[in-house]
Amino acid sequence: MQGKRISESSVIMVQPMSPQDANPSGNVQGGVIMKLIDLAGGIVAQRHARTNAVTASVDRIDFLHPVYVEDVLSLKASLNLVGRTSMEVGVRVESENPLTGEIRYTASAFLTYVALDKSGRPVEAPPLILETAEDERRNEDARARREVRLRGKRGF
């Protein structure tokens with residue numbers, strides 16, 4: 001199976017936040033942001049595998065800054081690691097006040113997706129081609145996170 005570059009599946013999604021996304025205090029609900037993170041990550045996984053991909057795990061989501069109604073979210077998602085059937089995607093979220101231009105690093109997350117065939121069974125994903133030192137670093141970090149996930153599943 002031929003490998004694919006990270007750039008072949010990466011996405012940048014932009015989404016304005018509206019009153020329906022907010023809690024009573026005017027902050028955008030974390031669940032709204034989490035849904036967008038999963039959507040962006042899922043698109044990356046599907047683009048890479050060119051098949052259906054489902055969310056298998058979320059390592060963590062860190063919310064670093066509140067998001068307000070009328071802010072514009074930018075979600076940047078790309079692959080960090082590809083196993084046999086699984087793929088780790090990193091998602092970075094930035095919020096922008098469109099009136100002032102202020103951009104804030106808002107959240108980040110690591111999610112794992114599994115490529116599925118038409119019968120819903122795991123299927124092999126194309127290998128990942130690493131091109132830069134940054135790609136290598138992110139891949140090594142993802143391998144370490146994968147080891148922690150696997151140890152957790154074994155009950156260690």
Side-chain angles (χ1 to χ4, degrees), residues 4-49 51-98 100-116 120 122 125 128 130 132 134-156:
K4 292 185 177 179
R5 293 174 177 80
I6 292 170
S7 61
E8 292 180 69
S9 61
S10 296
V11 300
I12 297 176
M13 283 180 27
V14 178
Q15 179 74 38
M17 296 290 96
S18 63
Q20 68 199 29
D21 300 321
N23 59 27
S25 64
N27 297 341
V28 173
Q29 295 179 12
V32 170
I33 298 168
M34 289 170 25
K35 179 181 178 182
L36 292 170
I37 288 170
D38 191 32
L39 179 62
I43 292 169
V44 168
Q46 287 182 329
R47 276 183 166 178
H48 182 78
T51 188
N52 191 28
V54 294
T55 310
S57 72
V58 178
D59 278 9
R60 63 185 296 157
I61 297 177
D62 296 313
F63 294 100
L64 307 170
H65 191 281
V67 177
Y68 305 104
V69 171
E70 298 184 10
D71 280 354
V72 176
L73 284 189
S74 294
L75 296 97
K76 300 170 184 178
S78 59
L79 279 165
N80 293 327
L81 175 69
V82 174
R84 193 176 66 74
T85 63
S86 65
M87 300 162 278
E88 186 197 88
V89 177
V91 182
R92 177 185 170 103
V93 182
E94 296 176 344
S95 57
E96 177 184 357
N97 179 317
T100 67
E102 179 187 5
I103 296 174
R104 297 171 303 276
Y105 174 30
T106 301
S108 61
F110 298 107
L111 304 95
T112 300
Y113 298 86
V114 174
L116 300 177
L128 189 61
L130 305 174
T132 67
E134 178 69 9
D135 293 350
E136 294 281 350
R137 183 196 62 77
R138 290 177 50 210
N139 186 263
E140 287 178 31
D141 291 349
R143 287 182 189 285
R145 283 188 296 273
R146 183 174 189 269
E147 284 301 314
V148 170
R149 280 193 302 273
L150 292 175
R151 275 196 308 263
K153 286 182 180 179
R154 293 184 208 128
F156 297 118

Open item on the list: Tell me whether the count of non-hydrogen atoms from other residues, nucleotides or ligands lying under 6.0 Å of CD in E8 goes above 12.
Closed with: yes
Work out which heavy atom in [X] is nearest to a heavy atom in [Y]; give both atom names and the distance.
| X | Y | value |
| --- | --- | --- |
| A53 | A45 | CB-CB, 3.7 Å |
| P122 | V114 | CB-CG1, 4.0 Å |
| F63 | A107 | CD2-CB, 4.0 Å |
| H65 | Y105 | CB-O, 3.8 Å |
| S57 | R149 | OG-CD, 3.6 Å |

Are the side chain of [X] and the backbone of [Y] linked by a donor-acceptor contact shorter than 3.5 Å?
| X | Y | value |
| --- | --- | --- |
| R47 | S10 | yes |
| D135 | T132 | yes |
| Y113 | G42 | yes |

TODO: Decide side-chain contact (heavy atoms from CB on, under 4.5 Å) for H48 and L128; before the verdict, give the C-alpha distance in whole Å, the side-chain angles of both, and the deciding distance to 0.1 Å.
DONE: CA-CA 9 Å; H48 182 78; L128 189 61; 4.1 Å; yes
Quick check for you: to the nearest 0.5 Å, what is the distance between [X] atom [atom1] and [Y] atom [atom2]?
| X | Y | atom1 | atom2 | value |
| --- | --- | --- | --- | --- |
| E136 | R138 | CD | CZ | 11.5 Å |
| Q46 | N52 | CD | CG | 5.5 Å |
| M87 | S9 | CE | OG | 9.0 Å |
| L75 | I37 | CG | CD1 | 6.5 Å |

State which residues pass side chain to side chain contact (heavy atoms under 4.5 Å, CB included) with [X]; sequence neighbours excluded, sorted by chain then number.
| X | answer |
| --- | --- |
| D141 | R137, R145 |
| N23 | S25, N27, Q29 |
| S95 | V67, D71, L73, R104, T106 |

Would you give me the side-chain donor-acceptor pairs under 3.5 Å for residues 11-21, sequence neighbours excluded?
{"residue": "S18", "atom": "OG", "partner": "D21", "partner atom": "OD2", "Å": "3.3"}
{"residue": "D21", "atom": "OD2", "partner": "S18", "partner atom": "N", "Å": "2.9"}

Task: side-chain contact (heavy atoms from CB on, under 4.5 Å), paired with N139, selected from L81, I6, V82, L79 - done: L81
Task: Counterpart residues, salt bridge (charged side-chain N to carboxylate O under 4.0 Å, His left out), relative to E96 (two or more places apart) - done: none
TODO: Please test N80 against E88 for side-chain hydrogen bond (donor to acceptor under 3.5 Å, both in side chains), starting from the C-alpha separation and ending with a verdict.
DONE: CA-CA 6 Å; N80 293 327; E88 186 197 88; 2.8 Å; yes
Open item on the list: Under the salt bridge (charged side-chain N to carboxylate O under 4.0 Å, His left out) definition, can you give me all pairs with a residue in residues 73-85, not counting sequence neighbours?
Closed with: K76-E94
